[in-house]
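Scroll down for the structure; my scribbles are underneath it.
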Amino acid sequence: MPSPTRNEKPENRNVHAQLSLSGEVTYSIIDNRRAVRRDNFAIQSNTPNPMSSPGKISFNLSKFPEGGLILVIIALGLLLAIFGGSVQLPKFQTTPDGKRERVFETNAAGQKVPAFETVNKFFNARTIVQIAKDTSFFAIMAVGVTPAIVTGGTDLSIGSMYALASVCGALVLSPYGPSGGGIATVLGVLVTVGVGTLLGFLNGAVITAFNVHPFIITLGTMAVYRGIAFVQTGGQSIGGFPAAFRQFVRWEILPDLSLVPLIVMILVTIIGGIFLSQTAVGRKIYAVGGSEIAARNSGIRVGRMKLLAYVISGLATGIAAVLSLGYYGAGSSGDGQGYELNAIAAAVVGGVSLVGGKGTALGAFLGAVILQMISNGMVILNIPQNYSQIVIGVVVIAAVVLDQLNTWAAKRRLLARTSSIKKEVVRSGDTPVSLKPKTT
Amino acid sequence: MAFLTAEHISKTFPGVRALDDVSVEFEKGSIHALMGENGAGKSTLGKIIAGVYLPDKGIIKIDGQEVKPTDPRIAQQLGIALVHQELAFCPNMTVAENLLLGGFPTNGGFMDWAKLKERARALLGEIGADIEVDVPLAELTTGQEQMVQIAGAVGVNARIIIFDEPTSSLSTNESEHLFELMARLKERGVSMLYVSHRMDEIFRICDTITVLRDGKHVATEPMAKTSRDRLIRQMVGREVLLTRPKHLDLEPGEEVLRVENLSSTGKFENVSFNVRRGEIVGMGGLVGAGRTEVATAIFGLDNRATGNVFIKGKKMRLGNVNTAMRRRIGFLPEDRKRSGLVLGMNISDNISLAHIDTFSRFGFVDQKREATEVEKLTKRLRVKAPSLESITAGLSGGNQQKVALAKWMVRACDLLIVDEPTRGVDVGAKAEIYQLLDEVACQGVAILMISSELPELLNLARRIVVLREGFVTGELSHEQFTQEAVLQLMA
């Protein structure tokens with residue numbers, strides 16, 4: 001096996017030139033061999049070295065697992081757009097002085113009748129914003145619970161935290177009455193979010209202090225938190241919030257198009273995504289979920305990371321509670337029943353592994369979108385609502401099974417690649433050891 | 001007449017050839033020892049016969065008939081049983097329940113508790129073990145638990161019992177009891193396969209010995225025809241893969257680690273030694289001698305450890321990993337898959353994990369700097385992988401170990417503790433790891449190396465501290481090194 005050519009030595013440069021004269025093929029083989037030896041990363045001659053450009057974004061599907069989810073969403077959208085048919089909606093127009101009024105037209109008989117426009121049942125702004133709004137509450141919670149699931153735990157109490165945070169926020173907002181202004185709004189938001197965060201902190205503190213499985217602890221606090229909310233309100237719904245607060249959440253960009261929940265949801269997803277993927281703390285959370293012992297051996301404060309994960313879960317729940325208070329104008333102890341399972345299911349559909357160590361905020365968000373699209377899609381397709389639970393259950397199971405298959409396939413690919421590397425290395429004579437017996 | 005034969009057995013694990021065309025015959029009513037260094041394949045052979053692993057190639061015959069123990073249950077039906085610490089049954093169930101797990105005596109579908117206990121007592125009585133059948137298995141000592149396993153094996157009429165390092169966690173008394181029992185089983189015509197490191201035991205109780213080395217069969221001889229020296233030569237036999245390490249020719253610098261009277265109840269007692277800059281100090285001893293426990297205590301993973309640990313002359317508080325890391329201690333754990341790496345993470349994330357904060361600005365990871373740094377290290381350590389984004393679970397043992405080592409080279413350590421640095425690593429990667437440790441030592445890092453492979457210790461270390469059952473039994477300097485001297489202190 002000839003030694004690799006090195007440019008710094010003049011005689012080798014000659015060899016190099018000769019080789020390049022002797023033909024393209026020989027040249028590239030030699031070059032390839034150098035690449036292997038220099039980097040010790042066996043790379044096929046025409047594939048670019050993935051390490052040389054670490055910042056470059058690749059659209060390889062295996063590197064962008066959420067790609068599959070986006071494809072599913074597009075497919076679902078197309079399905080609904082094609083099979084949903086069309087619907088007639090009353091036509092509106094905006095007058096020059098900013099008022100909305102119905103459009104009238106004259107029919108064949110000369111009468112003035114209200115005009116209708118025919119739109120696609122699914123693919124129209126109103127339906128899509130509606131779905132986005134419905135998604136936002138539990139998508140925010142799904143993103144919020146993702147860190148906890150990534151550490152290998154889970155948070156069953158988010159539905160109850162949602163209720164208790166709503167009730168606490170409602171109790172603060174309600175006394176100000178509809179005339180309440182900015183201060184009331186700020187106070188209400190802070191209390192709701194603050195209570196959510198505090199409840200999450202309590203979950204995390206108990207879990208790390210007593211080292212009990214999060215499933216048990218949050219199963220307990222699920223009952224406790226909702227119980228407190230019920231005792232606080234006596235089961236009554238509390239409303240009558242400051243108009244400023246409601247306008248803030250219900251602010252409409254276009255008539256009937258309230259975008260605030262949608263925007264908050266997207267912001268939470270982006271911030272959550274950046275937190276998990278770009279920060280040191282996010283990296284540590286993955287490590288804790290991947291192997292707690294290895295994380296501890298790397299000097300990561302495992303308890304602190306877990307605590308933080310539950311605080312985040314509470315925080316996100318608080319944010320969702322603010323949106324719901326503003327949107328529906330009331331809070332009660334019965335709010336958010338079953339949201340924990342919706343949120344966890346969304347995360348799982350989005351590829352967050354319940355074993356820990358795997359999953360992204362974007363995945364959890366897209367998972368929530370898929371579940372909501374299916375749920376609303378049933379209505380659009382005129383399938384009786386009763387079936388939606390069945391379908392959603394099947395989807396959750398299918399998502400996990402698909403993920404298993406994907407992991408299995410990835411492992412196969414990896415094994416195949418590893419063995420090809422081995423061959424390559426051996427072929428290029430790269431066993432670097434010069435072994436000599438010990439001389440004593 | 002051979003009772004059980006294993007013919008041309010081969011087995012490959014990812015990255016390691018565990019067994020390579022091994023053929024062995026086992027006689028009826030005899031105790032057959034299997035010896036070899038770590039990674040020689042002796043446990044793998046035992047597990048293949050017991051149906052825990054499937055061989056890639058080769059067949060197993062009982063009384064000349066080919067059998068296929070494809071899982072432990074089938075092996076049991078064939079009369080093959082494995083006694084192994086990790087294969088204990090259900091710790092929360094009682095001894096009696098565990099013993100009859102395969103077929104509870106019932107009465108119209110309900111458990112017949114009286115009969116259950118009676119049968120369990122009979123089984124235990126048969127091997128002369130005096131163990132209460134009503135207590136949960138978890139409350140037994142390791143020795144008693146082993147007795148229960150053996151009773152279970154005898155109970156299913158096992159004709160061949162495989163003992164995998166049975167005495168590694170037994171007290172002397174318990175070991176004696178085990179040997180008596182084995183002698184009795186032998187009289188009854190049971191064949192036994194005895195996997196162990198311990199020479200004394202093997203010479204005492206075994207009739208025949210097979211030596212394996214690097215997955216290959218070296219020799220099968222009657223015990224009477226062999227000797228300690230001969231065995232050691234057969235076990236180590238290969239050309240030792242090392243040149244003289246360079247750090248031995250340099251003068252070690254100031255003291256980096258001084259351990260004084262370090263103790264941890266039930267693990268080790270009054271351990272004292274020191275390691276100087278640029279020095280590799282080996283730590284020898286049998287499995288269970290307390291070596292790993294000493295290392296983890298120094299790294300702050302044992303919060304019940306007492307005694308004094310000084311790093312560069314300053315006393316260090318024990319029981320906190322972060323304190324140890326701040327004092328620039330690095331630790332390569334013995335079990336890299338569980339405690340050294342986050343297997344689901346990629347190479348880059350694993351390498352930067354312990355020092356992720358130094359790569360971060362305002363909490364955000366500077367991924368460019370991380371990638372440059374990691375790439376430098378993977379080149380230096382010659383990690384072979386498709387890319388830095390490759391998940392570490394898919395790498396070979398050698399490459400995983402390099403990644404686990406690279407983690408502690410992101411920032412220079414003052415003290416690097418390596419626990420079994422070459423376990424489960426192929427020969428080529430082994431030599432690379434030796435070279436690397438030597439290089440690191442030459443750069444002035446103090447290294448404490450725990451190893452069960454004698455040649456590794458003898459060649460690489462400047463001094464060897466030997467532990468036995470939690471006590472330091474001696475310290476040897478390079479000039480005093482011989483296999484014999486170390487073995488003498490170990491067992």
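For the numbers below, each heavy atom of this structure counts, side chains included, while hydrogens, waters and symmetry mates do not. Quick note on labels: first sequence line is chain A, next is B, and so on, each numbered from 1.
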Check: B/G340 main-chain N/O paired with B/D335 side-chain donor or acceptor under 3.5 Å: no

So, the side chain of B/R462 versus the backbone of B/S477: is there a donor-acceptor pair under 3.5 Å, distance only? no

For [X], is it the side chain, the backbone, both, or neither that has a heavy atom closer than 4.5 Å to a heavy atom of chain A?
X      : answer
B/V321 : side chain
B/L343 : neither
B/S352 : side chain
B/N322 : side chain
B/F299 : side chain
B/R326 : side chain

Does B/R369 CZ have over 12 foreign heavy atoms under 6.0 Å away? yes

Around B/R411, counting heavy atoms of other residues, nucleotides and ligands shown, do more than 12 lie under 6.0 Å from its CZ? yes

Of all heavy-atom pairs between [X] and [Y], which one has the smallest distance, and what is that distance?
X      : Y      : result
B/V410 : B/E373 : O-OE2, 4.0 Å
A/T269 : A/L362 : CG2-CA, 4.1 Å
B/F364 : A/I274 : CE2-CG2, 3.4 Å

Counting heavy-atom pairs under 4.5 Å to chain B, which of A/G289, A/G290, A/G299, A/A295 comes out on top? A/G299

Options A/A280, A/S291, A/S277, A/G357, ranked by heavy-atom pairs under 4.5 Å with chain B, top entry: A/A280

Top contributor to chain A contacts, counting heavy-atom pairs under 4.5 Å, from B/R338, B/R336, B/K337: B/R338

